[in-house]
Amino acid sequence: MDKARIDGFRSAFAPGETLFWQVPAAARERMAFYSENLPRLFSEKITAVFAVSDHYALEFMRFLQGQGIRVPEDVQIIGFDDTLASRESVPALTTIHQDAALWARTAIRRLEALRDGTPCDAGIVLPVELVERESTRRLPCQTL
């Protein structure tokens, strides 16, 4: 699932428009990675971070806050999944919401089609929705 999100993110931007970090899978290694790469956020004037999940977004937000970096004043953060934790974090995390019930119904229909030998579409894209919360802010046009 994360690979599809990463591929989608990469396809949305032209090469050179974004700084792309593939963080390590292990938590201890991620913390070291964040520490080593933190200076790049400011040297490359990064204004926002999009994470492949709320889990990673919240972890990075806590890391930044531990370094005295303000969210969203210094760096904005967006997650993906609209988890309960994203609503309860401080600040509340801006995230991408997926309709879990639609996701489940679609999966069941695909399984039933496979079981019955009925052809089904191999590539299904379900709608998502941006849920704006406190971890992002509107930037004036001149800063873009």
Euclidean distance, Met31 CE relative to Phe63 CZ, rounded to 0.5 Å = 7.5 Å
Leu114 and Asp116, any side-chain heavy atoms less than 4.5 Å apart | no
Which pairs pass side-chain hydrogen bond (donor to acceptor under 3.5 Å, both in side chains) with one or both residues in residues 23-37, sequence neighbours excluded?
-> Arg30-Glu59, Tyr34-Glu59
Steps toward side-chain contact (heavy atoms from CB on, under 4.5 Å) verdict (Phe50, Phe80) = CA-CA 8 Å; Phe50 177 77; Phe80 198 112; 3.7 Å; yes
Just how far is it from atom CD of Gln65 to atom CD1 of Ile69, taken to the nearest 0.5 Å?
-> 10.0 Å
Can you find a heavy atom in the side chain of Thr94 that is under 4.5 Å from one in the side chain of Gln76?
-> no
Treating Ile, Leu, Val, Met, Phe, Trp and Tyr as nodes and any side-chain heavy-atom pair under 4.5 angstrom as an edge, say whether Phe42 and Leu19 lie in one connected cluster.
-> yes
Under the salt bridge (charged side-chain N to carboxylate O under 4.0 Å, His left out) rule, collect the residues that match up with Arg115, sequence neighbours excluded.
-> none
Which pairs pass salt bridge (charged side-chain N to carboxylate O under 4.0 Å, His left out) with one or both residues in residues 96-108, sequence neighbours excluded?
-> none
Student check: side-chain heavy atoms of Leu64 and Leu38 closer than 4.5 Å | yes
Applying ring pair (Phe, Tyr, Trp, His ring centres under 6.0 Å) to Phe33 and not counting sequence neighbours gives Trp21
Tell me, yes or no, whether the heavy-atom count around Gln22 atom CD, taken from other residues, nucleotides or ligands under 6.0 Å, exceeds 12.
-> no
Please check if the side chain of Ser89 supplies one atom and the backbone of Pro91 the other of a donor-acceptor pair under 3.5 Å.
-> yes
Okay, side chain of Ser135, backbone of Ile77: is any donor-acceptor separation there less than 3.5 Å?
-> yes
For Glu44, enumerate each residue passing the side chain to side chain donor-acceptor pair (under 3.5 Å) test, keeping only those at least two apart in sequence or located in another chain.
-> Arg40
So do the side chains of Leu93 and Leu58 get within less than 4.5 Å of each other, counting heavy atoms only?
-> yes
Contacts of His55 that satisfy side chain to side chain donor-acceptor pair (under 3.5 Å) - sequence neighbours left out | none
Is Val90 reachable from Phe60 through a run of hydrophobic residues whose side-chain heavy atoms are each under 4.5 Å from the next?
-> no
Do you know the tightest heavy-atom contact between Arg133 and Ala92?
-> CB-O, 3.5 Å
Specify the closest pair of heavy atoms between Val75 and Val49, including all atoms of both residues, with the distance to one decimal.
-> CG1-CG2, 3.9 Å
SB check Arg138 Glu132 (cutoff 4.0 Å) = yes
Step by step, would you call Leu126 with Val128 a side-chain contact (heavy atoms from CB on, under 4.5 Å)?
-> CA-CA 7 Å; Leu126 298 176; Val128 295; over 6 Å; no
Rounded to the nearest 0.5 Å, what's the gap from CG on Leu130 to NE2 on His97? Could you check?
-> 12.0 Å
Would you give the length of the straight line joining atom CD1 of Ile78 to atom OG1 of Thr136, rounded to the nearest 0.5 angstrom?
-> 6.0 Å
Check whether the side chains of Asp82 and Gln98 place a donor and an acceptor atom closer than 3.5 Å, and report yes or no.
-> no
Just how far is it from atom CZ of Arg110 to atom OG1 of Thr106, taken to the nearest 0.5 Å?
-> 9.0 Å
So, the side chain of Asp54 versus the backbone of Thr83: is there a donor-acceptor pair under 3.5 Å, distance only?
-> yes
